[in-house]
Number of protein chains: 2
Amino acid sequence: MMSSDSSSGYGELSAQDLLHLLFKINHLLQRQFEMGLISYGLPEQLTGPRLRVLLEISAAGQIRMNELAKNLGIKARTVTQFVDALQKDQFIVRTPDTSDRRATILQLTDSAKSLMERAEEVMGEISNKLLERLTLEQRSQLVEILWQLDSNRTEFSTKDG
Amino acid sequence: MMSSDSSSGYGELSAQDLLHLLFKINHLLQRQFEMGLISYGLPEQLTGPRLRVLLEISAAGQIRMNELAKNLGIKARTVTQFVDALQKDQFIVRTPDTSDRRATILQLTDSAKSLMERAEEVMGEISNKLLERLTLEQRSQLVEILWQLDSNRTEFSTKDG
DNA sequence: TATTGTTATACTCTATAACTATA
DNA sequence: TATAGTTATAGAGTATAACAATA
């Protein structure tokens with residue numbers, strides 16, 4: 001699969017192999033990250049996407065479902081589902097927005113607030129562990145590379161624009 | 001969210017910010033990769049995971065469902081579903097394994113074979129485009145970094161081992 | 001008894017379309 | 001008419017548990 005040369009010449013990979021390697025390692029890291037959260041005692045219902053929702057609410061203090069959808073890049077329907085699940089588990093509460101009665105405002109419950117504090121700590125520790133093998137120089141290189149990749153933004157046209 | 005310093009000091013990110021940046025860019029790249037496949041005229045049913053299944057079968061020539069599950073790191077039940085879908089779309093065929101009548105062997109159909117040739121080309125082109133902003137040096141650095149991250153393998157214990 | 005694949009079932013993430021209540 | 005959120009529905013990806021056929 002990967003024009004193999006397991007000695008040291010890893011600079012010789014094709015773009016495709018490099019990209020696949022990136023996808024693979026990223027997937028592994030995400031897996032380890034999520035396992036880390038659980039192993040540090042965070043509730044298992046807190047999947048990656050749900051955690052992202054809570055972090056967004058936490059950062060905002062309070063936020064409309066509307067805006068949450070925009071921030072997370074997901075659709076209103078999807079937010080409703082997250083909110084249903086998170087409310088059922090008592091992580092958040094819905095309150096009607098008095099200034100616009102169509103809207104709903106989300107807030108963390110008190111218990112979720114302390115959970116999020118813990119989550120922040122834990123995420124910091126996990127991140128340190130996952131990246132511990134990288135030298136400072138490699139970290140800067142990685143940032144630079146990611147930055148470059150982000151600014152690339154190749155546009156592949158799809159039928160629907 | 002990200003201890004901001006939008007000038008140039010991107011080497012100063014915390015491990016957590018760096019990891020999140022990685023996750024984000026990776027997600028973006030994967031999205032662009034999939035959009036690229038479609039924009040090059042590959043069938044839309046060919047989602048990322050399904051493509052991976054076909055690539056695995058293609059590489060093997062023929063393969064047992066059993067082994068496919070192992071190679072992809074997914075469960076037998078999940079393979080059945082992929083195979084059902086891919087067979088319905090006439091990308092693959094099931095044939096009984098005469099040497100072990102419990103087993104089923106998978107092969108690409110002829111049309112899928114030529115599709116996969118095309119897919120390989122297209123993936124190469126897309127990869128080149130997505131990584132075109134990286135210098136050769138950055139590519140080596142990235143490989144080195146990913147390699148390092150792969151060898152890290154922090155083990156977070158979960159309840160079930 | 002162990003293994004291969006399937007049926008039955010379920011859960012998460014995501015989406016579109018139609019609708020309600022409000023603006 | 002446009003916006004905020006919900007109901008209804010769907011589909012992809014993943015899983016566990018129970019089971020049939022075979023080893």
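Excluded from the calculations below are hydrogen atoms, water molecules and symmetry mates; all remaining heavy atoms, backbone and side chain alike, are included. To find a chain, count down the sequence lines: A is the first, B the second, and so on, and within it residues start at 1.
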Pairwise 5' ranking along DNA chain C for Arg64(B) and Thr47(A), keeping only the more 5' one: Arg64(B)
Qualifying residues under side-chain hydrogen bond (donor to acceptor under 3.5 Å, both in side chains), relative to Gln30(B), sequence neighbours excluded: Asn26(B)
Stretch residues 77-94 of chain A: residues that reach within less than 4.0 Å of DNA chain D through a heavy atom: Arg77(A), Thr80(A), Arg94(A)
Flag side-chain contact, heavy atom, 4.5 Å: Leu37(A) against Leu46(A): no
Lys75(A) or Thr98(A), whichever maps to the more 5' nucleotide of DNA chain C: Lys75(A)
Atom pair CG (Leu108(A)) and CD (Glu117(A)), whose distance is rounded to the nearest 0.5 Å: 10.5 Å
Nucleotide of dG5(C), dT22(C), dC13(C) approaching Met65(B) most closely (side-chain heavy atoms): dG5(C)
Pair of N/O donor and acceptor under 3.5 Å linking dT3(C) base with Arg102(B) side chain: yes
Short side-chain N/O contact from Thr104(B) to OP1 or OP2 of dT4(C), under 4.0 Å: no
Pairwise side-chain contact, Gln62(A) with Thr95(A), heavy-atom cut-off 4.5 Å (strictly under): no
Taking distance alone, no hydrogens or angles, what donor-acceptor pairs closer than 3.5 Å link side-chain atoms of residues 84-93 of chain A to residues at least two apart or in another chain?
residue  : atom : partner  : partner atom : Å
Asp84(A) : OD1  : Arg94(A) : NH1          : 3.2
Asp84(A) : OD1  : Arg94(A) : NH2          : 2.9
Gln87(A) : OE1  : Arg94(A) : NH1          : 2.7

First and last nucleotide of DNA chain D, 5' to 3', lying under 4.0 Å from heavy atoms of chain B: dA12(D) to dA23(D)
By side-chain hydrogen bond (donor to acceptor under 3.5 Å, both in side chains) - contacts of Arg118(A) (at least two apart): Glu121(A)
Extract all donor-acceptor atom pairs below 3.5 Å that involve side chains of residues 66-80 of chain B and protein atoms in other chains or at least two apart in sequence.
residue  : atom : partner  : partner atom : Å
Asn71(B) : ND2  : Glu67(B) : O            : 3.3
Arg77(B) : NH1  : Gln81(B) : OE1          : 3.0
Arg77(B) : NH2  : Gln81(B) : OE1          : 3.0
Thr80(B) : OG1  : Ala76(B) : O            : 3.3

Between P of dC13(C) and CG of Leu51(A), the distance in whole Å: 11 Å
Value in whole Å for how far the P atom of dC13(C) lies from CD1 of Ile74(A): 10 Å
Sugar-phosphate only, base, or nothing, as touched by Asp97(A) at under 4.0 Å among non-hydrogen atoms: nothing
ILVMFWY cluster, Leu13(A) and Leu28(A) together (side-chain gap under 4.5 Å): no
